[in-house]
Undergrad: 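One structure follows; several queries about it will come next.
Proteins get letters first, then strands, A, B, ... in listed order; numbering begins at 1 in each.
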Amino acid sequence: MGFKEYVARRLLSSLVTFFLIIVLNFFIFRIMPGDPTRTIARDARLLPEQRELLKKRFGLDRPLWDQFILYLVNLFRGDLGLSFQYRGTPVVEVILGRRMLNTFLLMGSSIAVALVIGMTLGTIAAWKRGSKADIAAIIFSLVTYSIPTFWMGMLLILVFGYYLDWIPISGTITTGVEYQTFWEYAADYLHHMVGPMVTLVISFIGYHFLLMRNSLLDVFTEDYMLTAIAKGLSTRTILFKHAMRNALLPMISVMALEVVYLFSGATATETVFTWQGLGLLIYESVVKQDYPVLQGIFIFMALAVLTANFVADVVYALVDPRIRYG
Amino acid sequence: MKGLKLRLRVLRRRVSNFWRIYRTSKLGLAGLAIILGYVALAVMAPYITPYDPFESVALPFEEPSPQHPLGTDHLGRDLLSELIYGTRVSLMIGLTASFISVMIGTTVGLIAGFFGGKVDTVLMRLTDTFIQMPQLPLMLIFVSILGKGILNIVLAISVVAWTASARIARSLTLSLKERPFVEAARAVGAGSFQILWRHIVPNVFPVIFAYANIAVVDAILSESFLSFIGFGDPRTPSWGMILYFASRSGAMSNGFWWFVIPPGLMIMTLALGFAITNYSLDQVLNPRLRRR
Amino acid sequence: MNKYKPLFILLALLLIIPYLATPLKASPEEKELKFELMVLSWDGLSVTAGEVIAEQLKKVGIKVEVSALDDAVMYPRIDKRDYDAEEMAYGVDPIPTYFYDRFHSSQDFEGGNNAWSYHNPEVDKLLDQAFSTGDVNKAKELFHRAEALIAEDVPYIPLFLAKDVHAFAKGWKNWTVMPAGPISPYNKLTPIYIYNEDGKDTMVIRYPSAPEPLSPMAADNGRALYYCSLVYDTLIAYDPHLKPIPWLAKSWEISDDGKTITFHLREGVKWHDGKPLTSEDVAFTFNYIKEKKVTGGIYTVHLIRLLDSVETPDEHTVVVHLKSPFPFALHVFGYTFIVPKHIWEKIDEYDWPASKAPEYAVGSGPFKFVKYVEGEYLELARFDDWWGKKPNIKRLIIKIIKEDESTILQIKKGEVTTFRYGLMSPGLIKAVRKDPDLQVVEAIDQWDYLLAFNNKRWPFTIKEVRQAIAYAIDKKEIVKKLLDVGIITDNYVFEQWYGDWANPNVPKYEYNPEKAKELLRKAGFVDVDGDGILEYAPEKAKPTTPSPTKTQTVQPTTQKPTPTPTTTEKPSGPDMTLVAGVIILIIIVLAALWYLKKR
Amino acid sequence: MLLKVRDLRVYYDTVAGVVKAVDGVSLSVERGEIVGLAGESGSGKTTMARAIMRLLPSNARIVSGEIVLDGVDVLSLSESELKDFRWKKVSMVFQGAMNALNPVLRVGEQIAEVLVEKAGYDKRRAWSRVEELFKLVGIDPSRTRDYPHEFSGGMRQRAVIAMAIALNPDLVIADEPVTALDVVVQSKILDLLKRLRDELGISVLLITHDLSVIAEACDRTAIMYAGRIVEYGSTEEVFEEPLHPYTRALISAFPSITGERRSFEPIKGDPPNMLNLPPGCAFHPRCPKAFDKCSKEVPELKEVKGRLVACHLWG
């Protein structure tokens, strides 16, 4: 089987999975009990005719089978229905607007920073295995892994947001400011991002560190590493040419996994900092039982998972010569 | 009787073997000590708590004093007592949720690995998709479907977190399937179920349970967050719930550090205990790492 | 290695035992006087009050199991009348239309507001009459008679009206306090008169979540309605005592039969886009609501029901014809957001998305829509061509901050002026009250907390039980425990809101536990097994007329560490955690050993 | 004399206790000679090889002894001197050539990098040298840009040998070079080693548990048991007339490489527990000829009939 065929097969299986998820997604949210009109308009006094019109507006008046067909047809037209909590706003608009961007920027930069720091620390620790620095780094990373993220965020807000007044307490931008230039806007935005980003970086670092360290230690036990040392190569060559390339292979799937976070947001951090991203949207939709939005996010997440997986598979096949025909 | 004696002897040897290796890991000992400390705290809770954590014993929001070392909460309940009782809830949820998730995962992994073929493909496709889904949003969605409350939190955590153990169980099963003793059993004519039950299950579970430690960490942290954002049961004081109340009652604006800091530290330390143990077990049990 | 399988199974079984051993609900003893009390988990007042009630009722021998539930669980149970008792807040409007919704038997359908299944033909008759007359005085009299009957029946126990506690940042002055507080959809005065001593001209109001839907026809929550009250005008407004005052309409007349209302509009009123506002716009608004059966707004449900036709004899006169008289018709039509015909003619779906706001959000109110930064803030600017007194502030920003804590920190820093909803948590109230950097405003809120019974379910089918509970509850203690954030009320129509609509002579149930016990004994409840909880045993209750000494031993046993009864989810007793914890530890260790052995 | 090891002791600290993997070994290798080092697994052969290259794992310590290679005192080299020493003076063909090559790097690259980094070749010359080396060990030179997984087992082993001789070292340590290969490939590889010895004049220390390999390729043979050398002499003599009972047992436990059927009997008893060696001669519990002294005194390595033997039988 050639490379192209391999890619095609992976693509096909991703599509099949996606279809399964779409079906699952529809029915999971129909299990929900209760009259949806009560969640759409929170008024018990609604007249029957008002109720009927509401149902019609949200497509809930048809039989389940019809609803399913409609859902599929609309899905392929990129229509995910209307949000309950933001009455009349299409779900796609709710998800893909500013919130997506906020999450993207926050998660993207936090993950990138955490990856760089975590991997560098991990490499150093693995190379100096057993040293004091290594043990200190391990303990540090285990501690960061164990801190409840939301709690850390609360403390950061209190100390750095209120007492020291270094970071803004909530939001992504200062309210009601007219920005003269784009750079002013960007600076304000980044200033607001500091708090949530620090929280996220700290919560991610430990994981990346341990992963990189373990991955490298695994590689170090391989015979070819002994060969490389026996060959009297420089430490740099050994570490970066021989060890890193092999250790990075398992990191590819980790990175693929983290791409998904770009579409799910960080609920804990976003809630605490009122960072209007997808994580906060999920929380609010759960609280307000906004099923159309939850459905939409579910689909986006699944799509992200499958795409990331697919890309990871392809990258893997390109980077690792052994599994091209896997 | 004789068989039992023999078994006990073997067991003792294994325990001492394991212990000899494990005790060389100072970190591992520390982790174990933390966990045991918390278990002791949970067990002793009724005897060491100064007050009934469910009843208001003073005015709300009292500052720390000799009577109430950590002050009182919004209902005038003794916070120290609540914190100690919270150990039970958090520990219980952590252990139960990870236990259930590991059970589900192992079952799926065993079936997929052992029967292979279409079953394997379908189950693993499912697992692979779920394993990459961000867990917290999924849990939130599940809680929204199941309703709130401690029991549903446990369920949501278990339902979401089973994938990792499914993966491990599957790969273990696959390698065990090729082992000589399984082939021997097959040759003798043992049925699939018998092989699965007698030869594979006993070998898969131990490893899986060693892995369960990290599942406990995740479960504890997830529970605390879900409770914190108000999906818990207000009448069951877990640490996350205490933080929820703290946040609801303006503990930070009031400067009630005793309402905010201790529960967070408790969560962190307990999670750390399991995380350290997991790490050390990994070091001790992973022969690849030990070799160097 | 399969030699150890039995051991393994044994361990697994051991692990299950603690779960099986947890006492599930004790076998339901029909006769015991106990019930489940649902409280709303995220509402601190509801939970706290529930706890206190449980303690108080325990003292008279009634066992209360408090379950704190989320609204997603609680509301459907209430809708289906599948509950024993519940305690939480219900909302009230400036007009007491809820009086009909809560007590008329026709409202006892699934989801109806007569959640307690209260049926009293006499009350039904009085309510029917009161709500179909145009004569306000007659309506009031009927109200009084109905309320007296209801208070005698005690379908639920009114506990207290929450206080609306608002904190303002330093330097802000001159807000208007009225029922529902300084920042509410009924309060059009605060944003006009408020000013800052230091010359700040931007007021920032915090919302806990987005103000959507922005459409005045779809606005169905307090946040959206408040926004609409700023951008859109209504024909009338409310003064601090909730009396109607002229607004867009400078005067009005109601015909004697109560079926025609004539509004005389102010002249020279302009829309935000500069076009003049005429009676056409008002007529269009009413007809649009009726045709589209819109669900937003405050009284639209009544408007759709009542509206027969609208006439516009001239540009500044609107004549509304009703299908039937209604004592609050003025409010229904007067407090409806008026929208511009020239824009809404083109709008088909009245619940348009926020992205359409720049084109659609045109009103005639004192503030105009500037922009909405999704999820961040909504900016309004003073409308300088407004017909009334120019507001002191130039800009009004609605900022979204999820956490209460963050909000208070930002008010302290002066970044935020105040918030939309009054504080609901005693802790936060305590925090703002004692903070010298904040100015605290306390008013009566629109939330009335009540202890409701499912009148169809035993023991609440017995009137004496309901009355006994009313006597056994010490509302003063509840409010004290709530750090004084409630105003005790005994009325079903609140005097604090509605003045003389309330009956000043309703039967009151002063705290009297002895009387409660007496009533319960009369109803046939006596403590048979001596556990402090009464059982239904009419044959034992009757013969011994002097109250049995057992009722004296009802004193709660506080020395036992047993917590108050709770739901089954709570792990009870030390052994469960112990056994499970230890076993799981053992399993982990064993697992490691097995693993090791394999190497 | 090229390599001289004197009284080398290497101990491992493990959680279970101290393992005396190499316990007083002396060994010498002449230029242009192939010396075999044989023994059961766990007898300390690999530790010996690693010690010569100073490649011991972190929990190993060299307790005593001296290793001199071409006049260089190996044990006193600093880290940077070691880098220079390795591969130029002594190179290694690792056990299981399958894993000795980095799977994500091209085979040629793995040889070329040594040339570039250690012999100062520029890239192009290095690659053409790699092609030469491929020719020398008998691989199609056009395959230098393949990945390891594209090679067969024999080819990989040849590539590893090519890598080992890239810098013309004085000594090549071959640790089980042919183990996982089939017999035909085995003898081809052994022939290659012999040919390289003849053509390039390098010495080879060939470590194996397979006596037939030794018989086929080695000039002299050392037999190790439990961290000690028990017999050392010319291959012919050792095979012809094994003096140590262990050597004898070892030889009779192996079918002859020539296919001649011999009495085939495995060595009785279990291999020694390295954590807890028996006192005296470590072999005595399994030795058919053991007597009192064997369990009390450790036999010295003494010259008997022109070779070295450590056995009380010859005391």
Side-chain angles (χ1 to χ4, degrees), chain A residues 13 16-18 20-21 28-29 31-32 129 135 138-139 141-143 145-152 154-155 157-158 162 206 210 214 217-218 220-221 253 256-257 259-261 263-268 271-272 278-279 282-283 285-287 289 291 294 297-298 301-302 304-306 308-309, chain B residues 26-27 30-31 121-122 125-126 128-145 147 214 217 220-221 224-225 228-231 239-240 243 246-247 251-253 255 257 260-261 263-265 267-276 278-279 282 286 288-289 291-292:
Chain A
S13 84
V16 171
T17 316
F18 186 56
L20 284 178
I21 287 176
I28 275 188
F29 288 97
I31 304 171
M32 230 82 65
R129 188 182 177 199
I135 290 168
I138 289 169
I139 294 176
S141 60
L142 288 175
V143 168
Y145 190 87
S146 309
I147 297 181
T149 318
F150 65 92
W151 182 65
M152 184 164 55
M154 280 164 78
L155 295 186
I157 288 178
L158 189 64
Y162 181 66
L210 286 176
N214 273 351
L217 286 182
D218 264 0
F220 284 167
T221 63
S253 39
L257 199 140
V259 167
V260 181
Y261 289 146
F263 294 85
S264 74
T267 312
T271 340
V272 173
L278 297 177
I282 291 176
Y283 167 77
S285 308
V286 167
V287 169
Q289 294 175 285
Y291 302 136
L294 288 177
I297 289 178
F298 199 83
M301 270 176 3
V305 167
L306 293 171
N309 258 343
Chain B
K26 275 184 198 145
L27 267 182
T121 318
V122 170
R125 174 83 24 94
L126 198 73
D128 282 350
T129 313
F130 264 90
I131 210 167
Q132 296 222 327
M133 284 284 197
Q135 300 212 338
L136 215 51
L138 269 195
M139 283 176 201
L140 278 172
I141 291 174
F142 271 109
V143 170
S144 84
I145 294 173
I214 202 72
V217 180
I220 290 171
L221 293 177
S224 70
F225 177 64
F228 169 71
I229 54 172
F231 290 144
W239 296 321
L243 282 172
S247 148
M252 288 202 301
S253 345
W257 57 266
V260 180
I261 308 271
L265 282 180
I267 299 170
M268 189 179 108
T269 331
L270 180 58
L272 187 64
F274 281 101
I276 289 180
N278 176 72
Y279 172 81
D282 202 35
N286 192 338
R288 272 168 85 82
L289 293 179
R291 198 162 80 199
R292 229 175 83 97

Undergrad: For the CG atom of Leu270(B) and the OG atom of Ser146(A), what is their distance to the nearest 0.5 Å?
TA: 9.0 Å
Undergrad: Should the pair Phe231(B) and Tyr283(A) be assigned to parallel (<30°), tilted (30 to 60°) or perpendicular (>60°) ring geometry?
TA: tilted
Undergrad: Enter the distance from Tyr145(A):OH to Asn278(B):CG here, rounded to the nearest 0.5 Å.
TA: 8.5 Å
Undergrad: Which atoms of Ile138(A) are under 4.5 Å from chain B, going by heavy atoms: the side chain, the backbone, both sets, or neither?
TA: side chain
Undergrad: Is there a side-chain contact between Thr271(A) and Phe225(B), using heavy atoms and a 4.5 Å cut-off?
TA: yes
Undergrad: For Leu27(B), which atoms come within 4.5 Å of any heavy atom of chain A: side chain, backbone, both, or neither?
TA: side chain
Undergrad: Pick one of side chain, backbone, both or neither for Ala304(A), based on which atoms fall under 4.5 Å of a heavy atom in chain B.
TA: neither
Undergrad: Within the side chain of Trp151(A), is there an N or O that forms a donor-acceptor pair under 3.5 Å with the backbone of Val260(B)?
TA: yes
Undergrad: Pro137(B) and Ile282(A): which non-hydrogen atoms are nearest, and at how many Å?
TA: CB-CD1, 3.5 Å
Undergrad: What part of Val272(A) gets within 4.5 angstrom of chain B, counting heavy atoms only: side chain, backbone, both, or neither?
TA: side chain
Undergrad: Which bit of Thr149(A) comes within less than 4.5 Å of chain B, counting heavy atoms only: side chain, backbone, both or neither?
TA: neither
Undergrad: Is there side-chain contact between Ile229(B) and Phe150(A), with heavy atoms separated by less than 4.5 Å?
TA: no
Undergrad: How many angstroms lie between OH in Tyr279(B) and CD1 in Ile139(A), if you round to the nearest 0.5 Å?
TA: 9.5 Å
Undergrad: Measure Met152(A) against the heavy atoms of chain B and call it side chain, backbone, both or neither at under 4.5 Å.
TA: neither
Undergrad: Is it the side chain or the backbone of Ile21(A) that comes within 4.5 Å of chain B heavy atoms, both, or neither?
TA: side chain
